[in-house]
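Worth knowing before you read on, the calculation uses all heavy atoms, side chains too, and leaves out hydrogens, waters and symmetry mates. Just so we're on the same page: letters track the sequence lines, and every chain starts at 1.
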Amino acid sequence: MNVRDLLNTRVQAALDACHAEGTAGIQTAGKPEFGDYQANGVMAAAKRQKRNPMELAADVVGALQLDDVADSIDIAGPGFLNIRLSTNFIADNLVLGTPLLEAQDPPQHTVVDYSSPNLAKEMHVGHLRSTVIGDAVARALEVLGHRVTRQNHVGDWGTQFGMLLEYLEETDGANSASDELKDLEEFYRRSRERFTADDAFAQRARAKVVALQRGDENVLAQWRHFIDVSLSHCDEVYQHLGVTLSRADVMAESAYNEDLNNVISSLAQQGLLTESDGAQCVFLDQFKKKDGEPLPVIVQKSDGGYLYATTDLAAIRYRTHKLGASRVLYFTDTRQVLHFKQVFAVARTAGFTTDDASLEHMPFGAMLGTDGKPFKTREGGVVHLTDLLNEAEQRAFELVSEKNPTLTETERLEIARVVGVGAVKYADLSKNRGSDYVFDWDQMLAFEGNTAPYLQYAYARIQSLFRRGDISVQSLDGTLRPSEPAERDLAIALLRFQENVELVARDGYPHVLCAYLYDLTTKFMRFYEQCPILTAQSLSARDNRLRFSHRTAETLRAGLSLLGIETVDRM
RNA sequence: GCGCUCGUAGCUCAGCUGGAUAGAGCACUGGGCUUCGAACCCAGGUGUCGGGGGUUCGAAUCCUCCCGGGCGCGCCA
């Protein structure tokens, strides 16, 4: 049940009945004394109608049908409507055994383009945000009943592969290729060194590129092998990260190779191509500098080569026309906003996208170190994701061992994995993706405040409760009926799961879900302090509180799972 | 030069289509475990929302100018 939607619909109907134009403007109440939800739209509607807002508010309340939902609707301030949900409504919608989330109607087919590392290098922190955020949004869409096609648009093509393949051939005698590629980053560094230091090598590398593009079977075999090894590295990282991407989701840049000349010829046929300095460009009116100087989208280089804009155009056509997606989401960093604006515009103009398809760039900011500069190792190198996760687990292990030394080492290792990886992911997911964020080991691994371990701890506490009380969850049928204030606060929070997940699916901001889960958890912690559960006064109160606890645990586990974060029964 | 974006408490961050006295966490101070896990809870206070001007019943949010940071701008992705 999306409570907010329900209220929006009802208040909207009342506005319509009063012939008032505008939206209901339902949001969660700013303060407890304002009820649970507030409608802010009446004042704006009154202004449009040139009416007294208080009068209109009274009319709207008169026309409002909320008997089955709310206890009270109060007009406050200059014309706010404060809505307080009724206990019956809350209880009716919090029934153990009913699904935590319901599907949205109608279901849509969404392509989610995320992670998309360059296979020439090892995965590093620069790939973390796209991978983790995109995965969370994909999961949110799926859980709401939408069809999701993941697209890992990996970079497997380009001139740097000539250099890498040449170097691979050169070194292959000594060790097996797999061994050589074990540290991709190092391999890349050494081959680049060779490339710059040795002209003969550089020449052979360029020849490799040509051979590769020409489709030379031997070189292609080398290339496939390299890609395969590199993808295996990615798979390992994805598995470690707990990300849903698999080989089946890989749709590499090279997959569009044979379609690129079609893209060009289609643009040419439509008269959209202009040659400029030997390059094929698309000039669109909406991309002009202030002085009228046009801004090109280059789709073919003067040497005949294609660019990422070309590939992206082919990908758009594939995703909308072939896959039939109605939404395509791109999780890339914020530096590419102009690129996507242009590519989307070209795609629309050229008919590479269907009319009703929505192309949405979901940009995210950079990861900075505590010094405010791009996050690097002490030596100034990129931080590999594997190292990052290992360090997180190491720190988590020390912490778990300190807090809970009686657990076996096996248990502590497993907890450290769940807590450490969860902390890293949550630190990223809990921030607004649009802006840069500071990656701070100490803060993230302090495991306090708005962190994954705080949520995981609440979950573990609830599991402990059931263990101690020897309660079987199956015995807890029925509704959650709040009576104490702390119970009511918790109940309202539980009711808001649906609307928050829907927001994530719509806007692609997982931090909204994080904020929700954190709020839910603080509400539970207060409930836990204030309302004795196992030692409640009456058996019915005890069972009711157990139901609250169980529902909270379910919501936490489901919510964290949408973020790709696991839970443990003890920690 | 043009464009995009950001500037909120000492630090890290929220603030949803403009809404009520701008909120959290960390840090700091004090309190709470013979009682369901103290990785917890409660209490305490801090803001020229970068600055000026404007729009209006109402602006952190919209417009404009200025200051400051980041990023982008024809053959990398």
Name the closest nucleotide to the [X] side chain, picking from [options].
{"X": "Y454(A)", "options": "rC40(B), rG70(B), rG18(B)", "value": "rC40(B)"}
{"X": "E529(A)", "options": "rG58(B), rC40(B), rC16(B)", "value": "rC40(B)"}
{"X": "N82(A)", "options": "rC36(B), rC16(B), rA20(B)", "value": "rA20(B)"}
{"X": "Y457(A)", "options": "rG23(B), rG19(B), rC40(B)", "value": "rC40(B)"}

Taking the six-membered ring for Trp, are the ring centroids of [X] and [Y] within less than 6.0 Å of each other?
{"X": "Y457(A)", "Y": "Y454(A)", "value": "no"}
{"X": "H511(A)", "Y": "Y516(A)", "value": "no"}
{"X": "H339(A)", "Y": "Y308(A)", "value": "yes"}

Find the distance [X]:[atom1] to [N]:[atom2] and express it as a whole number of Å.
{"X": "E402(A)", "N": "rA39(B)", "atom1": "CD", "atom2": "P", "value": "10 Å"}
{"X": "N500(A)", "N": "rA14(B)", "atom1": "CG", "atom2": "C1'", "value": "13 Å"}
{"X": "Q38(A)", "N": "rG18(B)", "atom1": "CD", "atom2": "P", "value": "14 Å"}
{"X": "R468(A)", "N": "rC36(B)", "atom1": "CZ", "atom2": "P", "value": "6 Å"}
{"X": "Q498(A)", "N": "rC16(B)", "atom1": "CD", "atom2": "C1'", "value": "17 Å"}
{"X": "D507(A)", "N": "rU17(B)", "atom1": "CG", "atom2": "P", "value": "8 Å"}
{"X": "H361(A)", "N": "rU5(B)", "atom1": "NE2", "atom2": "P", "value": "13 Å"}
{"X": "F524(A)", "N": "rC42(B)", "atom1": "CZ", "atom2": "P", "value": "13 Å"}

In Watson-Crick or G-U wobble terms, both distances under 3.5 Å, what is the partner of [N]?
{"N": "rC4(B)", "answer": "rG70(B)"}
{"N": "rU48(B)", "answer": "none"}
{"N": "rG30(B)", "answer": "rC42(B)"}
{"N": "rC76(B)", "answer": "none"}
{"N": "rG25(B)", "answer": "rC11(B)"}

Determine the interplanar angle of the F340(A) and Y330(A) rings, folded into 0 to 90°, and report it as parallel if under 30°, tilted if 30 to 60°, perpendicular if over 60°.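 The rings of F340(A) and Y330(A) sit tilted, inter-plane angle from 30° to 60°.
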
Base-contact (B) and sugar-phosphate-only (S) positions in nucleotides 71-77 of chain B, heavy-atom cut-off under 4.0 Å, - elsewhere: SSSBBSB

Provide the distance between the two C1' atoms, one in rC26(B) and one in rU46(B), to the nearest whole Å.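 Their C1' atoms lie roughly 14 Å apart.
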
Pairwise P distance, rA9(B) and rC49(B) [rounded to whole Å]: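 My reading of the P atoms in rC49(B) and rA9(B) gives 10 Å.
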
Ion pair D428(A)/R433(A), N-O distance below 4.0 Å: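 Not counted as a salt bridge, because no side-chain N and carboxylate O are separated by less than 4.0 Å.
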
SB check R51(A) D59(A) (cutoff 4.0 Å):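 Looking at R51(A) and D59(A), the cut-off is met.
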
Counting only distance, no hydrogens or angles, is the base of [N] paired donor-acceptor with the side chain of [X] under 3.5 Å?
{"X": "R467(A)", "N": "rC36(B)", "value": "no"}
{"X": "K31(A)", "N": "rG23(B)", "value": "no"}
{"X": "D519(A)", "N": "rA14(B)", "value": "no"}

Any residue in residues 427-434 of chain A with a heavy atom nearer than 4.0 angstrom to RNA chain B? Just list them by number, or reply none.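 Correct list: K431(A), N432(A).
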
Chi angles and distances behind the side-chain hydrogen bond (donor to acceptor under 3.5 Å, both in side chains) call for S540(A), S538(A): CA-CA 5 Å; S540(A) 67; S538(A) 69; 3.2 Å; yes

Distance check, rounded to the nearest 0.5 Å: T131(A) atom OG1 versus Y114(A) atom OH?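 Rounded to the nearest 0.5 Å, the OG1-OH separation comes to 8.0 Å.
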
First of T370(A) and D569(A) reached from the 5' end of RNA chain B, by closest nucleotide: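 The residue closer to the strand's 5' end, by nearest nucleotide, is T370(A).
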
With a 4.0 Å limit, can you tell me whether Q530(A) has a side-chain N or O closer than that to the phosphate oxygens OP1/OP2 of rC41(B)?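 Checking rC41(B) against Q530(A), no side-chain N or O comes under 4.0 Å of OP1 or OP2.
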
Does the aromatic ring of F34(A) sit over the six-membered base ring of rA20(B), closer than 5.5 Å centre to centre and tilted less than 30°?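 Whether judged by distance or by angle, F34(A) passes, so it stacks on the base of rA20(B).
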
rA24(B) base stacked by Y518(A)? Criteria: ring centres under 5.5 Å, plane angle under 30°.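 So Y518(A) does not count as stacking on the base.
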
Using the rule side chain to side chain contact (heavy atoms under 4.5 Å, CB included), only one of V250(A), L119(A), V154(A) pairs with C234(A); which is it?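 So the option named by the test is L119(A).
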
Y37(A) six-ring face occupied by R496(A) cation (under 6.0 Å, within 45°):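 Ring-cation test returns yes.
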
